[in-house]
Amino acid sequence: METTKKKNIMLRFLPVHGWIAVFVMVAVNMIVYNGSRVITKTMDHHNLTSILDYNIPFIKEFVVVYIPIAYFQWVYGFYLAARENKMICARIFAAEICAKILCLVCFLLIPTTMMRADVHGADFLSRAVYTVYRLDAADNLFPSIHCLESYVLLRTVLWLEKAPKWYKYFTVPASVLVMMSTVFMKQHVVVDIVAAIVVVEIGILAAKKIYKRKTKILTKETEKTQLVS
């Protein structure tokens, strides 16, 4: 009885296909982000900082965007995507996973690093920035995973059929602010943002091709079934 109740609670929260999509996405993320570090830790890392990056100021207040706003957008956004029907859910998560796999390729081929801001303040925001720096090593920067997650949610938000209107309006400024926060926090450089947008666009194209191919296969199978019957 208890097991049945737990299953019912889980299915009320997300359908089975949604749980599978979330699990696969998280697993791929762990492999890409942590697995690549094991391979590249002894490799030379490149600094892609440009003149433009040197002229972008460090603004510690953007940590408020970088952590709470970003993570709220991602958790709620992918929760909404996982609640959609199988086809919409599959397209969104397939786009994200394809983009993430492209990130792995970039992490392995072009290991990157950068100089971070020198944070000395004892105030809450300075301590928060220092904590981010301490927990998140300055590698696996190109493309930016932060920008990837926010941009894929921005690009696919109109695919959502069950999302509240406020979220659709919220995700536009939230995505822009998250991308801005990565450079104002000195967590990334401008080219990392550009690369994130590119891999997401490729991921969306790949997801569309997978969707079309699957639709054709299902159509052919339906036609065969009708002929047999």
Side-chain angles (χ1 to χ4, degrees), residues 10-30 32-33 62-104 106 141-185 187-188 190-215:
M10 291 179 70
L11 291 177
R12 284 178 187 175
F13 191 69
L14 284 178
V16 174
H17 65 266
W19 282 111
I20 294 171
V22 170
F23 176 80
V24 174
M25 181 185 72
V26 172
V28 170
N29 184 74
M30 292 177 68
V32 170
Y33 204 69
F62 267 93
V63 72
V64 176
V65 176
Y66 192 82
I67 301 296
I69 292 179
Y71 279 86
F72 171 77
Q73 182 198 16
W74 305 341
V75 172
Y76 190 61
F78 285 115
Y79 163 70
L80 291 174
R83 287 177 62 230
E84 294 288 339
N85 65 55
K86 287 183 179 180
M87 199 56 70
I88 294 174
C89 174
R91 286 181 67 188
I92 294 173
F93 281 89
E96 198 275 349
I97 291 167
C98 288
K100 197 68 68 63
I101 291 171
L102 286 172
C103 275
L104 176 60
C106 293
L141 305 177
F142 177 84
S144 163
I145 296 292
H146 249 68
C147 295
L148 182 154
E149 304 293 16
S150 289
Y151 187 68
V152 76
L153 290 172
L154 172 64
R155 282 286 282 110
T156 60
V157 71
L158 294 179
W159 300 359
L160 302 175
E161 295 178 351
K162 300 177 182 179
K165 285 186 178 180
W166 70 262
Y167 172 76
K168 293 184 177 182
Y169 290 119
F170 162 81
T171 200
V172 176
S175 298
V176 173
L177 285 170
V178 169
M179 292 182 193
M180 290 172 62
S181 74
T182 62
V183 290
F184 284 118
M185 276 269 297
Q187 277 286 90
H188 287 277
V190 173
V191 71
D192 299 335
I193 300 176
V194 176
I197 292 171
V198 171
V199 295
V200 168
E201 291 296 336
I202 295 172
I204 289 172
L205 286 174
K208 285 182 179 178
K209 285 189 176 182
I210 293 169
Y211 169 76
K212 286 181 181 179
R213 186 176 179 182
K214 189 173 181 179
T215 303

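By convention here, the first residue in the shown sequence is residue 1. In what follows, every heavy atom counts, from backbone to side chain, and hydrogens, waters and symmetry copies are set aside.
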Side chains of [X] and [Y] in contact at under 4.5 Å (non-hydrogen atoms):
X    : Y    : result
K100 : Y33  : no
E84  : L160 : yes
W74  : H146 : yes
E96  : L148 : yes
P164 : L80  : yes
D192 : T182 : no
I145 : N29  : yes

Point to revise | Salt-bridge criterion met for E161 and R83 (N-O under 4.0 Å) | key: no
Point to revise | L14 to W19 - nearest heavy-atom pair and separation | key: O-NE1, 3.1 Å
Review point. Is the ring centre of Y167 less than 6.0 Å from the ring centre of F72?
Key: no
Review point. Do W166 and Y76 have ring centres separated by under 6.0 Å?
Key: yes
Check your understanding: Are there more than 12 heavy atoms of other residues, nucleotides or ligands under 6.0 Å from atom OH of Y79?
Key -> yes
Exercise for review: Please indicate whether K86 has more than 12 foreign heavy atoms, meaning atoms of other residues, nucleotides or ligands, lying under 6.0 Å from its NZ.
Suggested key: no
Can you give each donor-acceptor pair under 3.5 Å made by side-chain atoms of residues 193-208, sequence neighbours left out, with the distance rounded to 0.1 Å?
residue	atom	partner	partner atom	Å
E201	OE1	R155	NH2	3.1
E201	OE2	Y151	OH	2.6
E201	OE2	R155	NE	2.7

**Study point:** Passing candidate, side-chain contact (heavy atoms from CB on, under 4.5 Å) with F93, options V24, I20, V22
**Key:** V22
Distance check, rounded to the nearest 0.5 Å: [X] atom [atom1] versus [Y] atom [atom2]?
X    : Y    : atom1 : atom2 : answer
Y71  : Y66  : OH    : OH    : 7.0 Å
L102 : C106 : CG    : SG    : 6.5 Å
M179 : C147 : CE    : SG    : 5.5 Å

Check your understanding: Sequence neighbours excluded, which residues qualify as side-chain hydrogen bond (donor to acceptor under 3.5 Å, both in side chains) partners of Q73?
Key -> S150, T171, S175
